[in-house]
Amino acid sequence: MKYLLLSLFAGVFSLYVHGVDNLRLPDVRSVGMGGNVATQSILFNPALIVDKEKKSIHLEYFNRYMLKELGTMSGSFYYPNQLLSVGVDISVFGFDKYREMMVRVLGGKRLGDQWALGLGVHYSFLQTDLLENTRSRLSTDLGITFSPIDKLLIGMLIMNLPSVSIGDKDIEIEDFNYYLIQISFQWEIINSLLITGSAGTENENLVVGNLGLEYTAFNSFFIRAGIQTAPLLPSLGIGYNFSCFTIDVASIYHPILGMSTGLGLSFSF
């Protein structure tokens, strides 16, 4: 019975979620704004760590389509420094019979007033009772940010290139060989309104993109909305800052599979 369940899980998952990195999802804040990652998520673009003003710990949980087996948990620690900002990310996806895990270390350095460069190296592995084997991967990410004018940030990202497979080469799971190239922007057009957008390529999709906005309704409370393509997915989110804590909640709607939700908690010190 367990092998039948695993077969159904793998078939349904590859059919509907092909081209998605289970271990790396946009931050919950970014999910609510359509999923822009090259200017908003350090988990994707390591160069963004240089914009951190304080040390921080991040905990996030994202659940796809209200199925507990499709949940991703992640934890991060970021340490900004004028010489070299560093951080570590750990992510886990799946359940007892099918599990993926990633450990990632990263560093970022500011290059003058406008440019920043970041590099991340991560080790991911997959374990499943169905295949009775382990597949692992060692990959690198390269990220760049550029701020030509005040309140405008442009980000460029190459993720999982190069990537080296380790272990059993006969295990062919395309979702585990995910890559992403993206260029994006975020622009605070007025003090209370931030707009974001991106375009890029991922796996078999030649062009993917998203648009989003964040509105500061009042002090420390944020309302977010966005949309992304391939397929067309609308999203909503809210956030609240109090003292040194930040709470973010977001949801994204799939036209066939329904709602996915995420919850994030950050602590800065």
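Bear in mind that the values here come from a model prediction, so they are computed numbers and not experimental data.
Panel note: side chain Ser139, backbone Asn160; no donor-acceptor pair is recorded below 3.5 Å. In terms of modelled atom types and a separation under 3.5 Å, the side chain of Lys109 and the main chain of Leu83 share a donor-acceptor contact. For the pair Glu60 (side chain) and Ser74 (backbone), a donor-acceptor distance under 3.5 Å is absent. Panel note: side chain Asn45, backbone Ala38; a donor-acceptor pair is recorded below 3.5 Å. The backbone N or O of Ser260 sits nowhere less than 3.5 Å from a side-chain atom of Ser251 that would complete a donor-acceptor pair. With hydrogens and angles ignored, the 3.5 Å screen pairs no side-chain donor or acceptor of Asn241 with any backbone N or O of Thr246. Under the 3.5 Å distance criterion, the side-chain polar atoms of Thr39 are left unmatched by any main-chain donor or acceptor of Gly155. Not a single donor-acceptor pair under 3.5 Å links the side chain of Ser198 to the backbone N or O of Ile183.
Considering only heavy atoms from C-beta on, Trp115 stays 4.5 Å or farther from Arg110 through its side chain. Here the side chains of Ile227 and Leu232 are in contact, with some heavy-atom distance below 4.5 Å. Counting only heavy atoms from C-beta outward, the side chains of Val249 and Thr261 never approach each other to under 4.5 Å. Between Leu153 and Thr145, the closest side-chain pair of non-hydrogen atoms falls below 4.5 Å.
Across all non-hydrogen atoms, the minimal contact from Phe245 to Leu265 is CD2-CD1, 4.2 Å. Considering all non-hydrogen atoms of both residues, Ile42 and Lys52 come closest at CD1-CE, 3.6 Å. The two residues Val37 and Leu180 come nearest to each other via the heavy atoms CG2-CD2, 4.0 Å. Minimum interatomic distance between Ala217 and Ile223 (heavy atoms only, all atoms of both residues): CB-CD1, 4.0 Å. Listed here is the closest heavy atom pair of Gly262 and Val28: O-CG1, 3.7 Å. Nearest heavy-atom pair across Leu106 and Tyr78 is CD2-CE2, 4.1 Å.
Side chains of Asn191 and Lys151: a donor on one and an acceptor on the other come within 3.5 Å. Side-chain N/O atoms of Ser184 and Asn36 include a donor and acceptor closer than 3.5 Å. Judged purely by distance below 3.5 Å, without hydrogens or angles, the side chains of Ser41 and Asp27 pair a donor atom with an acceptor atom. Remark: the Gln40 side chain and the Ser30 side chain contain an N/O donor-acceptor pair separated by less than 3.5 Å.
Between Phe93 and Tyr98, the two ring planes are perpendicular [angle over 60°; tilted spans 30° to 60°]. Between Phe77 and Tyr79, the angle of the ring planes lies from 30° to 60°, which puts this pair in the tilted group.
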Next on the checklist: With ring-ring contact (aromatic ring centres under 6.0 Å, His included) as the criterion, how do Phe267 and His58 come out once you've worked through the C-alpha distance, each side chain's angles and the decisive distance to 0.1 Å?
Outcome noted: CA-CA 7 Å; Phe267 172 67; His58 301 264; over 10 Å; no

Item to check | CA sep, side-chain torsions, deciding dist, call: Asn81, Val86, side-chain contact (heavy atoms from CB on, under 4.5 Å) | outcome: CA-CA 8 Å; Asn81 187 276; Val86 296; over 6 Å; no

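Looking at residues two or more places apart in sequence or on another chain, you find a salt bridge (charged side-chain N to carboxylate O under 4.0 Å, His left out) between Asp248 and Arg224. Looking at residues two or more places apart in sequence or on another chain, you find a salt bridge (charged side-chain N to carboxylate O under 4.0 Å, His left out) between Arg29 and Glu214.
No salt bridge links Arg24 with Asp89; every basic N to acidic carboxylate O contact stays at or beyond 4.0 Å.
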